[in-house]
Amino acid sequence: MKILVCITHVPDTTSKIQFTDNNTKFDKNGVQFIIGPYDDYALARAVELKESLGASLTVLNVGEAETEPTLRKALAIGADDAIRINAFPTDALFVAKQIASIAKENNYDLILMGRESIDFNGGMVHGMVGELLGMPSISPVMKLDIEGDTVKMAREIEGGKEFLEAKLPLIAGCQEPIAEWKIPNMRGIMSARTKPLNVVDPVDSEIATDVTTFQLPPAKGSVTLVDKDNVEELVKLLKNEAKVL
Amino acid sequence: MSILVYIEHADGSVKKTSLEAVSYGKALSERTSAGEVIALALGTISDEELARVGSAGASKVLHVADEKLNAGVIQAHADAVGQVYKQIGAETLVLAKSSLGDAVAARLAVKLDAGLVSNVAELPETADGYKVKRSIYTGKAFAETTVSKNHKILAIKKNAVDLKTDGADASVEKVDISIDASNFAAKITSTDKAEGEILLPEADIVVSGGRGMKGPENWGMIENLAKELGAATGCSKPVSDIGWRPHHEHVGQTGVKVAPTLYVAVGISGAIQHLAGVNSSKCIVVINKDPEAPFFKAADYGIVGDAFEVLPKLTEAVKAIK
Ligand SMILES: Cc1cc2nc3c(=O)[nH]c(=O)nc-3n(C[C@H](O)[C@H](O)[C@H](O)COP(=O)(O)OP(=O)(O)OC[C@H]3O[C@@H](n4cnc5c(N)ncnc54)[C@H](O)[C@@H]3O)c2cc1C
Ligand SMILES: Nc1ncnc2c1ncn2[C@@H]1O[C@H](COP(=O)(O)O)[C@@H](O)[C@H]1O
């Protein structure tokens, strides 16, 4: 059994987002980069499956050289080897075509991704890879178990859950509580240094969408405080001033 | 040339987010002179209900009544939408972001070789190319995105456009297509869903509770206020992690992103990851006993006080104005 986990290299969730160069570039100054939180759930579940099923586990990122420490961290958490497709991840379709091309060569049985990246939040790459490979792609998956060649999943839908079954091969976009985030231990960190990290060139892909400029949301005005013994006032303000009731 | 809008429905009625997608399509067609707005619904739903989609701006509704499409099987829906899109020669597909909509959009981007923009927050600028504003970094920023493909797919966020309600009833036309059995490889075995509940991602008002609520036994207070306001209920991540509330109520960066007109946060500190999921709300009210709680900085209105005192009073005050 071969498992592939696709991870993003994204700003820590507490980062203040800023742009430079006339709002055309993300400002990396002072920003710490992490494995995308949803990708981290995917990776954690993959490590569990690797251990229980004796699978091999590869992690992949489409990104430039700066993402390698993030791939090393995934190796420290438990992946056997890593692939970096050496390209700036322009948009979801571009990334999906890169992932699909690697997946075609290597015939993975299970491809796990995050429900969405936390930079572009599209929640699109897994579905696109599914279509490119002609495989089911299920997201957001909150539970995933493998019995023989059957995958049993629970998927979050608006207001509840949907339970699904499908045969391998399959793609899933993961979210909690599929597994608990894993923190690398000392042994993992040591062994990650010598695990293979292969850099491959991207395949050609036409540009479909492109970002011209970034913007920050308008600053929030200051809060209007209402006395706790005068809640009627709050209701009045919501009705007459904010006009939301 | 026309704009196709993919409609989702639940419990026999069209989802409000899908009506917004129709209104978005209508406003887009006026801006780009892109022709007619045609809506597409899949599975069992009445003609009367579908005709209502006209009020939001569609001139016609196509209906594939195949019962196999009642369950939201992703590949089957993507296949059906793709076939109809090609049949009518559409150039743009608009849909509301949702657990099904996202998956359908992704597959169609490949099927149609389209430029896809997700989290669309506004109508595009078309004077100079085709530029769409989308939300990124979980609402912490926006990106002006150009689409260079002929075929375009826009997955829109809630509140990207005002819902139109003054259109005339739409004509409903049945469409027959055949959907290959291979699209049903992933089988939905069952669903577990609260009936008649106001759905969090679609709600106009949301009342959320955090760890300050102390325990699940106190949620009745949150529910009473929500009921009075016609609101959905939400919670912070630790609250669903400890199991006080179901997981699908967890709001924030790693949970549901909401965009209601009114968000009421009770006993939630306002960590940046929680704020990321609510920063598209029009108006935010915070109730917290700590005047230094960071949430007050992101709030429009606030009450510094004990939730256990304030909530019952607030519920009464809301009842009084009805
Ligand atoms: C990668 C990552 C992702 C995360 N994603 C999310 C996410 O999506 N959503 C999310 O919510 N969190 C998320 N978190 C967690 C987040 O950082 C906070 O820990 C969490 O939001 C805190 O929840 P809380 O405000 O309910 O609890 P607390 O921080 O414990 O705050 C409780 C608040 O209640 C107030 N309070 C106490 N008693 C009362 C009372 N009687 N009346 C009124 N107020 C009272 C207190 O003053 C305090 O402000 C994430 C964290 C990480 C690291
Ligand atoms: N540059 C990338 N490299 C590897 N995997 C990615 C990349 N971008 C997105 N993904 C995967 O696709 C998922 C969904 O991403 P998105 O469609 O951007 O929300 C992520 O959670 C990752 O698992």
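Sequence lines set the chain letters: A, B, ... in the order given, protein chains first and strands last, and positions in each chain run from 1.
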Taking A:Thr212 for its side chain and B:Thr145 for its backbone only, find out whether a donor-acceptor pair lies under 3.5 Å.
no
Test item: B:Asn119 side-chain N/O and A:Asn121 main-chain N/O as donor-acceptor pair under 3.5 Å:
yes
When rounded to the nearest 0.5 angstrom, what is the spacing between CD in A:Glu156 and OG in B:Ser99?
8.5 Å
Quick one: which of A:Arg115, A:Lys236, A:His126, A:Glu206 has the most heavy-atom pairs under 4.5 Å with chain B, could you say?
A:Glu206
Atom pair OH/CG of B:Tyr301 and A:Leu225 - distance to nearest 0.5 Å
12.0 Å
Residue among A:Gly159, A:Ala166, A:Ser117 with most heavy-atom pairs under 4.5 Å to chain B
A:Gly159
Would you give the length of the straight line joining atom CD of A:Glu162 to atom CD1 of B:Ile74, rounded to the nearest 0.5 angstrom?
7.0 Å
Beyond-backbone contact of B:Thr189 with A:Lys152, side-chain heavy atoms, under 4.5 angstrom
no
How long is the straight-line distance from NZ of A:Lys228 back to CG of B:Asp306, given to the nearest 0.5 Å?
8.5 Å
Of the listed residues (A:Leu93, A:Ile157, A:Asp227, A:Asn230), which shares the most heavy-atom pairs with chain B below a 4.5 Å separation?
A:Ile157
Heavy atoms, side chains only, cut-off 4.5 Å: are B:Asp204 and A:Val244 in contact?
no
Go through the side-chain N and O atoms of A:Thr13 and B:Gln273 and say whether any donor and acceptor fall under 3.5 Å apart.
yes
For B:Ala298 and A:Lys220, which heavy atoms make the closest approach, and how far apart are they?
O-CE, 3.2 Å
Side chain of B:Lys140, backbone of A:Ser15: donor and acceptor closer than 3.5 Å?
yes
Could you tell me which portion of A:Ser139 (side chain, backbone, both or neither) has an atom closer than 4.5 angstrom to a non-hydrogen atom of chain B?
backbone
Segment of A:Pro217 engaging chain B (4.5 angstrom heavy-atom cut-off)
both
Part of A:Ala92 within contact of chain B (heavy atom distance under 4.5 Å)
neither
Of the listed B:Thr261, B:Ile287, B:Thr138, B:Leu199, the one with the largest count of heavy-atom pairs under 4.5 Å with chain A is B:Thr138
Measure B:Asp241 against the heavy atoms of chain A and call it side chain, backbone, both or neither at under 4.5 Å.
side chain
Check B:Lys97 with A:Glu116, please: is the shortest side-chain N to carboxylate O separation under 4.0 Å?
no
Just checking A:Lys28: does its NZ atom have more than 12 heavy atoms from other residues, nucleotides or ligands closer to it than 6.0 angstrom?
no
Do you know which of A:Ile17, A:Asp210, A:Val235, A:Leu238 has the most heavy-atom pairs with chain B at a distance under 4.5 angstrom?
A:Asp210
What class does the angle between the rings of B:Tyr137 and A:Phe19 fall in, given that below 30° is parallel, 30 to 60° is tilted and above 60° is perpendicular?
tilted
How many angstroms lie between CG in A:Asp119 and CD1 in B:Ile136, if you round to the nearest 0.5 Å?
8.0 Å
Nearest 0.5 angstrom please: B:Lys131 NZ to A:Thr213 OG1, how far?
6.0 Å
Residue B:His151 versus chain A: region with a heavy atom under 4.5 Å
neither
Is it true that atom CD of A:Glu66 has more than 12 heavy atoms of other residues, nucleotides or ligands lying nearer than 6.0 Å?
yes
